[in-house]
Amino acid sequence: MYDGFPVPRPFSARPHAAGTTGPRPLPRRRRLRGFTAVALAAALLTGCGSGGGGEKGDKAGGGGAAAKGFPVTVENCGVRTTYRHPPARAVTIHQHPAELMLALGLKDKMVGTAFPDSPVLPEYRRDFKAVPQLSAKEPSFEKILETEPEFVYGGYASAFAQNEGRSRKAFKDAGIDTYLNREYCDQRKPATMADTYEEIRTIGRIFGVSDRAEALVRDLRSRIDRTAAAVKDTAPASVFVYDSGDKSAFTAGGRGLGSEVIKLAGGRNVFADLDKVFGDVSWEQVVARKPEVIAIYDYYGSGSVAEKKKFLLSQPALADVPAIRNKRFVVLPLTATLVGVRPQHAVEDLAKQLHPERFR
């Protein structure tokens, strides 16, 4: 489904930056509210006599008795939502929420997805192709409403960009529940592997599949345990993460999950002391830290891995960096460093690249 996907020139801005298209015109928004009001009125008519009221989220079951295991109340990035039934129609914005839902066997609940970052994990490709792709980037508020969703799950903060008319309040006003990946709730604390497990469990609770969520967590933990055993007692390889940039290097700091992925794989992020998820560093700093390995973050719209390697190898100032001198590169999909089901796969894949002798 990626044939013909437009790839801009290398080293472009990160794809998940919030847009700056300005406020939406009022007449259009009024028409949307009118559409929502009509839909709500129809739902009330068809559900007449079913009982109702209660907290936000009741609409999913027509306001009747709660489903087994419900109600479920979730606090997410300052938004409290009570679900009386599992959402029946969900839209995911960005790839990592889509893969998480597919891993929980929720394909039939998905009426749309958007903004693929990289090739989908092989085990989910068939199901992913079966879900309508609404947009190559974040879809408009109107486009999402066309799918008549009950639940919208965003991966990056830009999923709910207020200046593009997709704020969580706008969805709430339209009667639609929302959830934002926990990594973007509070970036003052580092994201950890524990966050990935809690994200899975929370989505499992919302959709009434907690048993599947626990099984998935056990499977992902076992991947980590196998990898940890394989790289035990190895000397950590010093790793510089190259995301993009030419005048300076845009790299992964210590607050992002990428640093923990590197550590669990038997490496050490040379910029783990950068108190950010991502940040710019000078090339002089890269030279001074003498990384043995360069991990290239790979995602659509940032230039190919081959282009990034060519750029790094062509810089005279980097010639004496051990990773450049030995042409030692490893590749990490950006989605593999985000809270979801990818990081545990990434730990195993990265460990095989950092310490191939331990996996023969």
### Query
In terms of hydrophobic clusters joined by side-chain contacts under 4.5 Å, are V321 and V305 together?
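In one cluster: yes.
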
### Query
If you measure only the distance, is there a donor-acceptor pair under 3.5 Å linking the side chains of E199 and Y179?
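Yes, Y179 and E199 have a side-chain donor paired with an acceptor closer than 3.5 Å.
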
Could you give the side-chain donor-acceptor pairs of residues 231-241 under 3.5 Å, partners two or more places apart or in another chain?
residue: T234; atom: OG1; partner: V231; partner atom: O; Å: 2.7
residue: S238; atom: OG; partner: E292; partner atom: N; Å: 2.9
residue: S238; atom: OG; partner: E292; partner atom: OE1; Å: 3.2

#### Entry: Selection residues 318-352 - residue pairs positive for ring-ring contact (aromatic ring centres under 6.0 Å, His included), sequence neighbours left out
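Not a single pair qualifies under ring-ring contact (aromatic ring centres under 6.0 Å, His included).
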
### Task
Hey, could you give me each pair passing ring-ring contact (aromatic ring centres under 6.0 Å, His included) that has a residue in residues 199-235? Not counting sequence neighbours.
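Pairs touching residues 199-235 that pass the test: F151-F207.
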
### Query
Do the side chain of R342 and the main chain of L100 share a donor and acceptor less than 3.5 angstrom apart?
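Not confirmed, R342 side chain does not pair with L100 backbone.
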
### Query
Got a sec: does the CZ of R289 have more than 12 other heavy atoms crowding it under 6.0 Å?
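Enclosed.
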
### Query
Quick check: are there more than 12 heavy atoms from other residues, nucleotides or ligands sitting under 6.0 Å from CG of D211?
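Yes, CG of D211 has more than 12 neighbouring heavy atoms, counting only those of other groups under 6.0 Å.
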
For the residue pair [X] and [Y], establish whether any side-chain heavy-atom pair is separated by less than 4.5 Å.
X    : Y    : answer
Q353 : V293 : no
Q285 : F271 : yes
Y156 : H96  : yes

### Query
Should the ring pair W283 and Y242 be called parallel, tilted or perpendicular, given that the plane angle runs from 0 to 90° and is split at 30 and 60?
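Aromatic pair W283/Y242 classed tilted.
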
### Message
Pair T335, S118 - check side chain to side chain donor-acceptor pair (under 3.5 Å), show working.
### Response
CA-CA 7 Å; T335 47; S118 57; 3.0 Å; yes

### Query
Is the closest basic N to carboxylate O distance between K352 and E348 below 4.0 Å?
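Looking at K352 and E348, the cut-off is met.
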
